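What follows is a set of notes on a single structure, which appears directly below.
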Amino acid sequence: MGPIAKRLRYYLGLLALFARYSLMEQMEYRINFIAGIAVGCGYMLIKLMYAVLILNAGADINGLSANEMLMCIGTYILVTGVYMGVYPNFWALPLSVRDGSLDMLLTKPVNTQFLVTLRKLDFGMPLPDVACGAALIAWGWRREGLAVTFTSVAGFAALCLAGLFLTYCLFLIPELLSFWFVAGNGMQALSSAVFDFNNTPMNLYPHWVRRLGVFVLPVFVITNFPTLFAAGKLPPALTAWGLAVPVLAFGVQRLVWRRALRRYTSAGG
């Protein structure tokens, strides 16, 4: 086993440990955990009403069928659930910068970004979204009669994972602005609004909006590309872009992270 594989195995084991302790901590307050699931179910029902409206309409829009739109919505709900599982770490980062609690994390013998952004995982609110999103994807796939082959399933899964990684990179960057600015609530609200563009499949937007959402601020890559690939409607060039843009976003995010840490002077600085 090479050094890269060993390092990857180490961090995956550490992530599993974070997940275990986070779940144990949440289960100590089971009423809060159940309440989180209830709130998640409430948001999920609102999203499901939108999906039902699309199915009832049953119309193709710009080459995307109602079932394919259902798959896009399901992917959005699933990705939202996973994203919300790690988002508490993002939300807590500005506070850690202001009160100096980041100092303690910087002393740990672990990659600081990994520790800061993944040390606490939420399971309550995300669970309904993940389950519902997966069910909608499977339902839309079956209703559309898409082939279930190794290539289609593996490609869909790969693009979903790429979308999750892209979400992590893109929406961590606004939180890093807290190293330069005291008030970051506006950026948090703006990033949430941008992410929610995925609530609607990109084919419903004008052409120029789709271009911006694919190549400039690639939020549409996150939840639209997996469905388009499974339906055979994603050109090879865009498939390559869907796999490459998370790597590019990670490079930008790492650059911003390093500059942010160089600027950090602790609470007493």
Side-chain angles (χ1 to χ4, degrees), residues 47 50-51 54-55 59-83 129-130 133-134 136-174 190-256:
K47 296 168 186 174
Y50 176 66
I54 287 180
L55 281 179
D60 291 5
I61 300 179
N62 291 333
L64 203 66
S65 71
N67 294 320
E68 289 164 350
M69 285 188 276
L70 183 67
M71 291 174 63
C72 288
I73 295 169
T75 306
Y76 164 74
I77 294 174
L78 187 148
V79 171
T80 299
V82 178
Y83 174 47
D129 277 352
V130 172
L136 287 178
I137 292 168
W139 190 25
W141 196 307
R142 182 175 179 275
R143 283 174 56 95
E144 187 63 17
L146 299 178
V148 181
T149 64
F150 175 80
T151 300
S152 62
V153 174
F156 184 91
L159 286 167
C160 275
L161 290 173
L164 284 169
F165 188 57
L166 178 60
T167 302
Y168 172 88
C169 296
L170 283 181
F171 295 100
L172 176 59
I173 293 175
L190 180 61
S191 63
S192 296
V194 170
F195 181 76
D196 282 341
F197 267 89
N198 277 302
N199 190 38
T200 302
M202 70 178 188
N203 286 39
L204 276 67
Y205 292 101
H207 181 72
W208 67 272
V209 175
R210 279 181 271 165
R211 301 286 289 185
L212 288 175
V214 170
F215 297 108
V216 180
L217 188 61
V219 291
F220 290 148
V221 174
I222 296 170
T223 60
N224 289 267
F225 276 30
T227 295
L228 293 175
F229 179 87
K233 297 179 179 180
L234 191 66
L238 286 183
T239 302
W241 174 248
L243 297 173
V245 68
V247 179
L248 297 175
F250 181 70
V252 173
Q253 177 266 307
R254 287 297 293 170
L255 178 63
V256 177

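Predicted, not measured: the structure shown is a model, and the values here were computed from it.
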Ignoring hydrogens and angles, tell me if any N or O in the side chain of Asn198 forms a donor-acceptor pair with the backbone of Val219 under 3.5 Å. yes

Do the rings of Phe220 and Phe197 sit parallel, tilted or perpendicular, given the 30° and 60° boundaries? perpendicular

Step through it carefully: locate the ring centre of Trp241, locate the ring centre of Phe215, and say whether they are under 6.0 Å apart. yes

One should read off an interatomic distance between Leu234 CG and Thr239 OG1, to the nearest 0.5 angstrom, of 3.5 Å

Heavy-atom distance under 4.5 Å between the side chains of Cys160 and Thr75, does that happen here? yes

Which value, rounded to the nearest 0.5 Å, describes the distance between Thr223 atom OG1 and Leu228 atom CG? 9.5 Å

Atom CZ of Arg211 and atom CE of Met202: how far apart are they, to the nearest 0.5 Å? 10.5 Å

Minimum-distance pair of heavy atoms, taken over all atoms of Gly242 and Pro246: O-CD, 3.2 Å

Option from Val79, Thr80, Leu159, Val245 for which side chain to side chain contact (heavy atoms under 4.5 Å, CB included) with Ile222 holds: Val79

Please report the shortest heavy-atom distance between Asn67 and Arg143, naming the atom on each side. OD1-NE, 2.8 Å

Ring-plane angle category for Phe171 and Tyr83, please: parallel below 30°, perpendicular beyond 60°, tilted otherwise. tilted

Say whether, by atom type as modelled, one donor and one acceptor occur between the side chain of Ser152 and the main chain of Val148 under 3.5 angstrom. no

Can you tell me if Arg254 has over 12 outside heavy atoms packed within less than 6.0 Å of its CZ? yes

Student check: side-chain heavy atoms of Leu164 and Tyr168 closer than 4.5 Å: no

Can you confirm whether Leu170 sits close enough to Pro218 that some side-chain heavy atom of one is under 4.5 Å from a side-chain heavy atom of the other? yes

Between SG of Cys72 and CG of Leu204, what distance do you get to the nearest 0.5 Å? 9.5 Å

Classify the ring geometry of Trp141 against Phe156: parallel below 30°, tilted from 30° to 60°, perpendicular beyond 60°. perpendicular

Which heavy atom of Gly63 sits nearest a heavy atom of Lys233, and at what distance? O-NZ, 2.6 Å

On a heavy-atom basis, the closest approach of Gly81 and Asp129 is CA-CB, 3.7 Å

Heavy-atom distance under 4.5 Å between the side chains of Glu68 and Asn203, does that happen here? no

Check whether any side-chain heavy atom of Leu243 sits under 4.5 Å from a side-chain heavy atom of Phe225, and report yes or no. no

Please determine, by modelled atom types, if Tyr76 and Asn224 share a side-chain donor-acceptor pair under 3.5 angstrom. no

Intermediate values then yes/no, side chain to side chain contact (heavy atoms under 4.5 Å, CB included), Leu172 and Phe250: CA-CA 10 Å; Leu172 176 59; Phe250 181 70; over 6 Å; no

Enter the distance from Phe195:CZ to Thr167:OG1 here, rounded to the nearest 0.5 Å. 5.0 Å

Begin from the C-alpha positions of Thr227 and Glu144 and carry the test side chain to side chain contact (heavy atoms under 4.5 Å, CB included) through to its verdict. CA-CA 11 Å; Thr227 295; Glu144 187 63 17; over 6 Å; no

What heavy-atom pair brings Val194 and Leu217 nearest, and what distance separates the two atoms? CG1-CD2, 3.5 Å

